[in-house]
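To start, the structure itself, in structure tokens.
When a residue number appears, it is its place in the shown sequence, counting from 1.
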Amino acid sequence: MASYLKKTMKEFDVAIGLNNLKILHLNDSKGELNSNLDRHNHIGLGEIGNEGLSEMIKIMNKNKIPIVLETPIDDIRDDFENIRKAKSLA
């Protein structure tokens, strides 16, 4: 997933420009790639996974793009745990 993410972000930068990206909603995905399922999962527990999310966080940090957490709150994790996990992937 990380190599796919790198490729996608390079294509985004060429087509739109990372400088035009003002914020990122960060979540893992319950749906597989191209499933058209917009269901959020906890950081590192979904289809994007630790490697893909780590790459995205690093790209956002390098380009100074703010990240907003958009994950569920349930018995598995709360926001604080998801933030800790996201920071560990930076």
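- Neither Leu53 nor Ile23 shares a network with the other; the hydrophobic side chains, linked directly or stepwise wherever heavy atoms of I, L, V, M, F, W or Y lie under 4.5 Å apart, form separate groups for each.
- With sequence neighbours left out, Ile67 forms a side-chain contact (heavy atoms from CB on, under 4.5 Å) with Leu24, Leu26, Ile57, Met60, Asn61.
- If you take OG on Ser29 and CZ on Arg39, they are separated by 10.0 Å, rounding to the nearest 0.5 Å.
- For residues 10-27, the pairs satisfying salt bridge (Lys or Arg N to Asp or Glu O under 4.0 Å) are Lys7-Glu11, with sequence neighbours left out.
- Between the side chain of Asp28 and the main chain of Gly49, a donor-acceptor pair closer than 3.5 Å is present.
- Remark: Asn82 pairs with His42, Thr71, Arg77 by the side-chain hydrogen bond (donor to acceptor under 3.5 Å, both in side chains) rule, at least two apart or across chains.
- The CG atom of Asn27 lies 6.5 Å from the CD1 atom of Ile48; values are rounded to the nearest 0.5 Å.
- For the atom pair Asn63 CG and Leu21 CG, the distance stands at 8.5 Å (nearest 0.5 Å).
- A heavy-atom distance below 4.5 Å is not found between the side chains of Glu81 and Ile43.
- Under a 4.5 Å side-chain heavy-atom cut-off, the cluster of Ile, Leu, Val, Met, Phe, Trp and Tyr residues that includes Phe80 has no other member.
- Hydrophobic cluster of Val14: no remaining members, since no ILVMFWY side chain lies below 4.5 Å from it.
- With sequence neighbours excluded, no residue forms a salt bridge (Lys or Arg N to Asp or Glu O under 4.0 Å) with Lys64.
- Grouping the Ile, Leu, Val, Met, Phe, Trp and Tyr side chains by contacts below 4.5 angstrom, directly or via other members, places Ile65 with Ile83.
- When the side-chain contact (heavy atoms from CB on, under 4.5 Å) test is applied to Ser54, the partners found at least two apart in sequence or on another chain are Lys58, Leu89.
- For residues 66-76, no pair satisfies salt bridge (Lys or Arg N to Asp or Glu O under 4.0 Å), with sequence neighbours left out.
- Of all heavy-atom pairs between Glu47 and Lys30, the closest is CG-O, 4.0 Å.
- Between the CG atom in Asp79 and the CZ atom in Arg84 there is a gap of 10.5 Å [rounded to 0.5 Å].
- When hydrophobic clusters are built by joining Ile, Leu, Val, Met, Phe, Trp and Tyr residues whose side-chain heavy atoms come closer than 4.5 Å, directly or via intermediates, Ile59 is grouped together with Leu69.
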